[in-house]
Amino acid sequence: MKLSFVPLVALALFVTPNVGQSADKPAQKPAVESAAKKDLPKYLLQYRFREGEEIRAKVTHLATIETTIAGSTQKTEMTSYSTKLWRVVRVDPAGTMTFEHLVENVDMRNQMSGRQEVRYNSLTDSAAPLGYEDVAKSIGKVLSAVTISPSGNVLKREEKQVRSVADNSGSVLLPKLPDEPEPIGQVWSLPVEVNVALDDGASKAIQTRQRYELENVEGGVATIAVETQILTPVSNPKIRVQLIQRLSKGHIRFDLDAGRILSQRTDLDERVLGFSGGDSSMHYVARFTEELLPATPKTAAIK
């Protein structure tokens with residue numbers, strides 16, 4: 001079984017899986033806890049984009065994959081930096097927002113055991129090396145047009161680029177927020193359905209969810225814990241190894257007044273045994289971060 005992770009991780013920056021358009025109902029809590037929460041201050045977390053503005057974020061993805069099959073071990077290290085751009089094209093009186101999603105630039109590196117390092121920087125390289133051709137073609141192009149409610153429910157999504165079969169990143173384009181003001185400690189979730197390949201060539205739908213919890217609010221900034229959870233029981237290591245990139249947890253910092261994410265970070269450290277023979281194993285360690293970049297003021301052109 002030969003594994004190649006370069007296109008998977010590279011293309012993960014540009015595509016996202018199909019996700020539910022509304023959050024699950026918050027998990028039922030004991031009556032005592034609910035009674036205690038009713039007297040706590042509540043906070044409204046809502047996205048607030050302005051028509052015509054451009055929102056940029058620096059995205060960093062670091063990953064190390066160590067795979068052992070039939071006594072042979074291969075280690076792959078991947079580093080990716082990119083600038084994500086959302087162009088807000090419309091905001092209606094009800095607060096419904098439509099934005100275009102693009103990636104302005106990328107700087108990628110892949111180092112595999114026994115092979116020469118492969119690099120691609122869209123700002124300096126005139127041609128992309130093998131494995132990054134599709135990434136290069138997507139730079140600066142509208143990948144999707146998305147319409148959301150203030151709480152992040154996806155009302156409409158139009159894909160502008162062909163979705164890659166390597167779409168196995170597990171990332172959610174926009175974290176779901178509660179529909180109503182909630183106190184610290186409130187939990188909500190967003191369902192995500194993932195299709196995995198079976199040995200007979202068929203596919204199987206695996207139910208997962210993004211679980212969120214409002215942990216703290218300080219200085220107008222909310223801290224939200226986020227974790228990906230697999231709901232469908234999975235005992236087959238051949239299936240679990242396809243889900244390994246999704247098993248991450250971390251935190252989101254959300255600006256209540258500006259109505260947008262200031263930063264987010266998730267970490268992953270997972271190991272799967274026996275996915276390709278009794279002595280096979282995969283150890284996947286990764287970190288994903290995103291930082292909101294300062295807005296670039298628009299100036300009049302000088303003749």
Side-chain angles (χ1 to χ4, degrees), residues 12-13 16 19 23-24 26-27 37 40-50 53-63 79-88 91 95 97 99 101-104 146 148-154 169-190 192 208-229 245-269 285-297:
L13 295 172
T16 53
V19 300
D24 292 341
K37 281 186 177 181
L40 295 176
K42 295 184 178 182
Y43 303 92
L44 181 62
L45 287 76
Q46 300 277 270
Y47 292 105
R48 298 184 180 91
F49 301 158
R50 298 186 303 274
E53 78 171 324
E54 296 185 341
I55 303 170
R56 288 176 171 83
K58 178 182 178 181
V59 180
T60 302
H61 187 194
L62 312 173
T79 303
S80 174
Y81 304 96
S82 63
T83 302
K84 179 181 74 175
L85 167 63
W86 287 354
R87 289 200 299 238
V88 184
V91 178
M97 296 152 279
F99 62 89
H101 171 53
L102 306 87
V103 173
E104 287 191 314
V146 185
I148 63 167
S149 70
S151 61
N153 283 322
V154 178
S169 65
S171 58
V172 174
L173 186 64
L174 200 72
K176 178 70 176 68
L177 300 176
D179 294 315
E180 303 293 337
E182 300 291 357
I184 291 175
Q186 183 62 43
V187 174
W188 66 97
S189 60
L190 175 70
V192 182
T208 74
R209 71 179 178 185
Q210 295 286 112
R211 179 189 183 276
Y212 303 95
E213 179 177 355
L214 180 58
E215 285 192 344
N216 185 38
V217 176
E218 186 175 351
V221 177
T223 299
I224 304 168
V226 57
E227 179 181 3
T228 303
Q229 299 176 331
Q245 295 186 52
R246 299 180 179 272
L247 302 176
S248 61
K249 60 172 58 177
H251 289 86
I252 298 168
R253 294 176 62 249
F254 186 85
D255 189 322
L256 296 176
D257 293 330
R260 62 202 57 195
I261 294 172
L262 295 176
S263 66
Q264 57 180 315
R265 167 179 162 176
T266 57
D267 291 281
L268 181 155
D269 188 345
V285 180
R287 173 170 293 173
F288 172 88
T289 63
E290 181 176 315
E291 296 282 345
L292 181 68
L293 296 175
T296 303

Supply the atom-to-atom distance [X] [atom1] to [Y] [atom2], rounded to the nearest 0.5 angstrom.
X: Glu104; Y: Thr83; atom1: CD; atom2: OG1; result: 6.0 Å
X: Glu182; Y: Tyr43; atom1: CD; atom2: OH; result: 12.5 Å
X: Leu293; Y: Glu54; atom1: CG; atom2: CD; result: 12.0 Å
X: Asp257; Y: Gln46; atom1: CG; atom2: CD; result: 13.0 Å
X: Met97; Y: Ile148; atom1: CE; atom2: CD1; result: 4.0 Å
X: Leu62; Y: Tyr81; atom1: CG; atom2: OH; result: 5.5 Å

So do [Y] and [X] actually touch side chain to side chain, heavy atoms under 4.5 Å?
X: Leu292; Y: Ile261; result: no
X: Leu256; Y: Leu44; result: no
X: Leu173; Y: Trp86; result: yes
X: Ile184; Y: Leu40; result: no
X: Val226; Y: Thr266; result: yes
X: Thr289; Y: Ser263; result: no
X: Leu45; Y: Ile224; result: yes
X: Val221; Y: Leu262; result: yes

Considering all heavy atoms of both residues, which atom of [X] and which atom of [Y] are nearest to each other, and what is their separation?
X: Glu215; Y: His251; answer: OE1-NE2, 3.0 Å
X: Pro181; Y: Lys42; answer: O-CD, 3.7 Å
X: Ser82; Y: Val103; answer: CB-CG1, 4.2 Å
X: Leu214; Y: Ala222; answer: CD1-CB, 3.8 Å
X: Pro178; Y: Ser151; answer: O-CB, 3.7 Å

Pairing residues for Arg287 by the salt bridge (Lys or Arg N to Asp or Glu O under 4.0 Å) criterion, not counting sequence neighbours: Asp267

Does Arg253 have any salt bridge (Lys or Arg N to Asp or Glu O under 4.0 Å) partners at least two apart in sequence or in another chain, and if so, which? none

Show your reasoning for whether side-chain contact (heavy atoms from CB on, under 4.5 Å) applies to Thr223 and Val217. CA-CA 6 Å; Thr223 299; Val217 176; over 6 Å; no

Charged N to carboxylate O under 4.0 angstrom, [X] versus [Y]?
X: Glu290; Y: Lys58; value: no
X: Lys176; Y: Asp179; value: yes
X: Arg56; Y: Glu291; value: no

How about Phe99 and Tyr47: are their ring centroids closer than 6.0 Å? no

Any luck finding a side-chain donor-acceptor pair between Thr228 and Gln210 under 3.5 Å? yes

Output yes when a side-chain donor or acceptor of [X] lies under 3.5 Å from a complementary backbone atom of [Y], and no otherwise.
X: Thr208; Y: Val192; result: yes
X: Arg87; Y: Leu102; result: no
X: Gln186; Y: Pro183; result: no

Tell me which one of Lys249, Arg211, Arg246 satisfies salt bridge (charged side-chain N to carboxylate O under 4.0 Å, His left out) with Glu227. Lys249

Once you measure the plane-to-plane angle for Trp188 and Tyr212, does it fall in the parallel (<30°), tilted (30-60°) or perpendicular (>60°) bin? parallel

Ser248: which residues meet the side chain to side chain donor-acceptor pair (under 3.5 Å) condition with it, sequence neighbours left out? none

